[in-house]
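Have a look at the structure below, then the notes.
To find a chain, count down the sequence lines: A is the first, B the second, and so on, and within it residues start at 1.
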Amino acid sequence: MNQTVSAKPLSSNLIVLCLAFISGFIIMAIELLGGRILAPYFGSSIYVWGSIITVFMLSLSVGYLIGGRLSLRNPNLVRYGCFFAGAALLMLPLILWSIPIMETLFLAIEDPRYGSLIVSMLLFFLPTAVMGMIAPYSVRLLVIDSNRSGHIAGTLYFVSTLGSALGTLATSFYLVLWFEVTQILVTMCLTLAAAAALAIATGLRAARKNG
Amino acid sequence: MGIAMRPFLSCLFAAALLALVPAAQAQRGELRIVHQERSLYRNILVTEDEERLCMRFTVTELNGLNQSCRFFDDHDKLVFPYAKMVLSSLMIQDNPSSILILGLGGGTLVHTYKTLFPNAKITIVEIDEAVVDVAKKYFDFEETDLIRTEVVDGRVYIKREGLKGTKYDLIILDAFTGEYIPEHLMTAEFLEEVKKLLPENGMLIANTFSTSRLYAAESNTYRQVFGEFFNVRMPGTGNRIIIASMQPLPDRATLEARAPAFNERVARFGMDMTEFPQLLVTKPDWNLRERVLTDEYAPVNLLNN
């Protein structure tokens, strides 16, 4: 009996850390692929990267804000898993309709700076913002003792940023050499969905036990 | 997670930072740096020695690849074999009235085509404004009623021209440097967009690479879009020239019959056309199974290693 009580928080913490790693990995993989996705329509000039990076920073900042707010009320793994499910769903326009979206905007906007900025907003803002919500929410799920909150936040940032570093490296060094862009995006989307399922299942089981 | 952007940003600009070449590195006594500039995209260097003026895009060393050179005593004479390989295409099409060139460099090809076809409209697409300025200042590049430059990404320009329905009799892709290859200018989708700009007698020339897996991948990509093409390689140069035509390609005997007539026109460039019919070959000498490059799959710079 004692064993199960002490083992439970450990495994759910481990899940949170793993999932934070995955979301860090996927955010940067998508950002890198963003340059590839936009290049046929807007080129690979410096302002195309400017647009992509701007949108990612902006969406993450909004995501952090909202994720932090949502963590105030009854933080739980089920809702945490819903973020992953939401991110997976919001990746669908990028996977399914990026070409018609880019075609439309290429025709509508002559200036490739604003063309690439608006396309980046449409394709990347929502999924990235939702993935941004994961970081502060993870901190809240892990923190039990406020004295250790800085330590836990540090560990979480370590894990998720390490994920981002590896996501960048893996995508730019190997994944683009082995797979097509859409194949990589679909895999990321399915990974997010699997992460969602894991978090929600674990959360429901914990709720049943406690309730 | 936002913090993770930083390594990415530094990756993006690392090349530019590395590109600072101290003038002190001009160790070869006779080579002088005339101009040095870090542009948005690269480090541009103009050097001169006793006989010639060159433009280089360098990363770390002065002896990097020359993009464009010309002799002081003879502006027409071509320094590099690649330009002559390009001109061998005259045997296939010798009366373009509109020419599109992607990549300006020192303007060697512009000068050559302007000399050959003084009435042709020549449009040059160059992504780097600084290259245009340097070409104007040091290489006598001039814009006229017939010759104009567009500072824009080549893919974007070609896509827009396709929507407008503009045609160019001759399109020359000369946008690749040794260090970094814009991958979106190598895919089958891009070549389809280029093909849309060619009239029924149109011709495409590309100055590209002759080594690594990229050679095979690129060759297969051109083959998929244009069918058979002339693959021009010469000993002593890393360049290879692709000549693709919307018309059926002439055979060897036809080329040999045509070549001598061009010698009068190309002699001023230091070129003997009769050397070329034997170099214009269509037979693949690469791995035909190497994967075609597409917008979805274009690890161009990785394949080039």
* Structure fact -> Against chain B, residues from residues 174-181 of chain A with at least one heavy atom under 4.5 Å, in numeric order, are A:Val176, A:Leu177, A:Trp178, A:Phe179, A:Glu180, A:Val181

* What parts of residues 79-109 of chain A touch chain B if we use heavy atoms and a cut-off under 4.5 Å? -> A:Phe106, A:Leu107, A:Ile109

* Structure fact -> In B:Glu290, B:Gln224, B:Arg240, the residue satisfying side-chain hydrogen bond (donor to acceptor under 3.5 Å, both in side chains) with B:Ser219 is B:Arg240

* Asked: Should we say atom CD of B:Glu37 is surrounded by more than 12 heavy atoms from elsewhere, each under 6.0 Å from it?
  -> yes

* **Under 4.5 Å from any heavy atom of chain B - which part of A:Ser61** => neither

* Taking the six-membered ring of B:Tyr297, is NZ or CZ of B:Arg291 closer than 6.0 Å to its centre and within 45° of its axis? -> yes

* **Spacing of B:Tyr138 atom OH and B:Asp133 atom CG [to the nearest 0.5 Å]** => 11.0 Å

Give a yes or no answer on whether the side chain of [X] reaches the backbone of [Y] with a donor-acceptor pair at less than 3.5 Å.
X	Y	answer
B:Ser98	B:Asp169	yes
B:Glu189	B:Asp295	yes
B:Ser39	B:Tyr41	yes
A:Thr155	A:His151	yes

* Asked: Is the shortest side-chain N to carboxylate O distance from A:Arg36 to B:Glu183 below 4.0 Å?
  -> yes

No-hydrogen, no-angle side-chain donor-acceptor test under 3.5 Å, [X] and [Y]:
X	Y	value
B:Tyr215	B:Asn287	no
B:Asn231	B:Trp286	no
B:Thr108	B:Ser68	yes

* How would you list, in number order, the residues of residues 149-161 of chain B that have a heavy atom less than 4.5 Å from chain A? -> B:Asp153, B:Arg155, B:Val156, B:Lys159, B:Arg160

* By side chain to side chain donor-acceptor pair (under 3.5 Å) - contacts of B:Glu129 (at least two apart) -> none

